[in-house]
Amino acid sequence: MNTEQLKETFISLYGESDNEIQLFFSPGRVNLIGEHTDYNGGYVFPCALTFGTYLAVRQNNQRLARFATANFDHRGDVKLDEPFEKEGKSWINYPVGVLNEFRKKAKEIEGVDLLYSGDIPNAAGLSSSASIEMVTAFAMNEIFEFGFDRMDLVKLSQNAENQFVGVNCGIMDQFASGMGAADHALFLNCDTLDYERVPLKLAGMKIVIANTNKRRGLADSKYNERRAQCESAVEAIRKEKNIRHLSDLDLEEFNALSHLITDETERRRARHVITENTRTLGAIEALIQDDLQSFGRLMNQSHDSLRDDYEVTGKELDTLVEEARKISGTLGSRMTGAGFGGCTVSIVGDEQVETFIREVGKAYHERTGLTADFYVAEIGDGSKQID
Ligand code: GLA
């Protein structure tokens with residue numbers, strides 16, 4: 001749906017008015033490397049995609065926020081003079097959670113009509129929920145002149161997801177959606193929140209995303225279990241060294257202290273986090289040095305660690321990665337996002353992209369019975385207002 005169609009749909013839903021319709025956009029993201037490190041105070045390296053969530057907004061001169069989406073048939077209203085309540089598993093919880101966070105900071109909106117339209121593939125793990133939160137936060141901040149900066153809005157959106165929606169995610173997805181820049185990846189230190197935009201110089205290569213199209217059944221509970229295992233590993237280490245999170249340790253320190261983690265599974269979880277931080281720093285350095293071979297190799301190692309130590313891959317992601325690596329011209333391939341389904345990201349030579357999509361798609365179907373979708377990623381800007 002283009003922006004003209006979005007406006008037309010808006011008017012067909014909410015009618016004509018003298019108030020202006022304003023349009024906003026926030027992207028989804030793909031993470032290149034640095035997985036399951038954000039909530040451990042580590043490094044991530046995501047970039048914003050050109051697909052994401054569009055939002056058309058208009059003030060309605062009532063004490064009411066009305067929500068609709070062009071993606072499916074579900075609407076909802078929220079009274080602005082009453083407490084915001086969570087509504088089951090509705091998508092409206094994401095934007096209402098954002099309004100709730102603004103309210104905690106004594107920032108109240110006036111009545112608005114909102115129409116969302118997303119072009120991120122559904123449930124693909126490319127952060128459609130973060131893009132809904134960020135587009136809402138960004139739009140309300142602009143329209144009502146709340147005066148928050150982007151990083152405030154990123155944190156506010158993460159809080160909405162943690163506290164209102166009830167998903168205990170880290171900061172990476174909201175950060176990438178809010179702070180992205182075309183043709184750049186974002187190097188974020190999730191402990192200090194210092195970040196840098198690194199030019200994505202991929203001479204002759206493309207970023208190819210492959211969607212397993214596997215339903216991510218118990219992903220949330222397994223995600224929380226991984227978080228708990230990391231916290232427990234931190235507790236164990238604290239018997240000898242006072243750390244705040246796993247990323248306070250480098251590999252050498254970890255190797256010297258890892259015997260304190262008596263649970264073998266927890267030890268492997270912790271090892272993933274610490275080795276992933278090292279790989280992420282190495283990959284960023286390799287990119288800066290135009291050494292895409294090394295970048296790809298570190299992506300491969302990242303996947304293997306997520307498969308063996310962190311155990312968040314599964315048959316579908318592993319199959320896509322195995323088949324991707326068989327294609328000459330693939331420099332690296334790994335799962336991206338939380339795992340348990342969702343997508344892989346691969347760096348593939350321009351000339352081989354077609355073969356990649358055909359061959360990996362065919363083998364994946366033969367081995368799993370599922371049909372993968374492929375997207376050649378374009379790296380776009382973070383949250384913005386559009387004309
Ligand atoms: C999900 C979460 C992120 C991050 C990744 C794993 O996408 O929302 O905060 O933890 O998983 O790297």
Side-chain angles (χ1 to χ4, degrees), residues 26-49 52-53 93-94 97 120-134 154-180 185-191 193 195 209 211-212 214 216 218-231 245-247 269-270 272-277 279-280 283 298-299 301-303 305-307 309-314 317 334-345:
S26 277
R29 65 95 189 93
V30 62
N31 189 23
L32 298 179
I33 192 162
E35 215 66 83
H36 287 278
T37 46
D38 61 351
Y39 53 84
N40 286 303
Y43 306 116
V44 294
F45 198 48
C47 33
L49 296 167
T53 304
N93 291 326
Y94 296 104
I120 304 182
N122 229 345
L126 299 174
S127 298
S128 53
S129 41
S131 78
I132 295 175
E133 290 151 4
M134 268 313 298
V154 165
K155 291 185 218 160
L156 191 140
S157 295
Q158 186 203 3
N159 285 341
E161 178 131 359
N162 291 165
Q163 290 168 28
F164 196 83
V165 180
V167 175
N168 212 5
C169 63
I171 199 166
M172 171 169 74
D173 304 345
Q174 290 79 7
F175 174 83
S177 184
M179 309 296 284
L186 307 165
F187 172 27
L188 173 67
N189 176 333
C190 300
D191 180 24
L193 299 184
Y195 67 92
I209 297 172
N211 186 353
T212 59
K214 184 204 172 197
R216 291 188 302 148
L218 291 167
D220 285 352
S221 60
K222 288 185 190 156
Y223 184 90
N224 287 338
E225 182 188 79
R226 294 300 178 282
R227 287 195 69 142
Q229 288 165 333
C230 290
E231 279 159 26
H245 45 60
L246 288 171
S247 304
R269 303 295 188 247
H272 164 74
V273 173
I274 287 148
T275 56
E276 184 77 350
N277 280 331
R279 282 186 290 271
T280 304
L298 288 160
M299 286 176 76
Q301 290 170 8
S302 166
H303 183 88
S305 174
L306 289 156
R307 181 192 60 210
D309 276 352
Y310 220 64
E311 295 181 281
V312 291
T313 59
L317 287 166
R334 58 181 290 277
M335 57 152 273
T336 184
F340 311 107
C343 290
T344 63
V345 56

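Computed from heavy atoms alone, side chains included, the values below leave out hydrogens, waters and symmetry copies. Note that ligands are numbered from 1 as they come in the structure, with each ligand's atoms numbered from 1 the same way.
- The heavy-atom pair separating Y223 from N168 by the smallest distance is CE2-O, 3.4 Å.
- Proximity of R29 to ligand 1, defined as any heavy-atom pair under 4.0 Å, is confined to the side chain (atoms from C-beta onward).
- One side chain, S302 or R334, offers a donor N or O that lies under 3.5 Å from an acceptor on the other.
- Among all non-hydrogen protein atoms, the one lying nearest atom 3 (C) of ligand 1 is D38 OD2, 3.3 Å.
- Taking any N or O of T37, backbone or side chain, none lies under 3.5 Å from an N or O belonging to ligand 1.
- Using a 4.0 Å cut-off between a side-chain N of Lys or Arg and a carboxylate O of Asp or Glu, R269 and E311 qualify as a salt bridge.
- When hydrogens are left out, the protein atom nearest atom 5 (C) of ligand 1 is M172 CE, 3.8 Å; that is the closest non-hydrogen contact.
- On a distance-only criterion, G170 and ligand 1 share at least one N/O pair closer than 3.5 Å.
- Within the 4.0 Å heavy-atom shell around ligand 1 one does not find R227.
- E276 has a carboxylate O that lies under 4.0 Å from a charged side-chain N of R279, or vice versa, which qualifies the two as a salt bridge.
- Using cut-offs of 30° and 60° for the angle between ring planes, the Y310 and H36 rings count as tilted.
- Protein heavy atom in closest approach to atom 8 (O) of ligand 1: D173 OD2, 2.6 Å.
- Ring geometry for F187 versus F45: interplanar angle over 60°, hence perpendicular rather than tilted (30 to 60°).
- Close approach to G337 involves these atoms of ligand 1, each under 4.0 Å from a residue heavy atom: 6 (C), 11 (O).
- Counting atoms of ligand 1 from 1 in the listed order, those under 4.0 Å from a heavy atom of Y39 are 10 (O).
- In this structure, CG in D173 is found 9.5 Å from CG in L126, a value given to the nearest 0.5 Å.
- Within the set Y223, F175, F340, the minimum heavy-atom distance to atom 10 (O) of ligand 1 is found for Y223.
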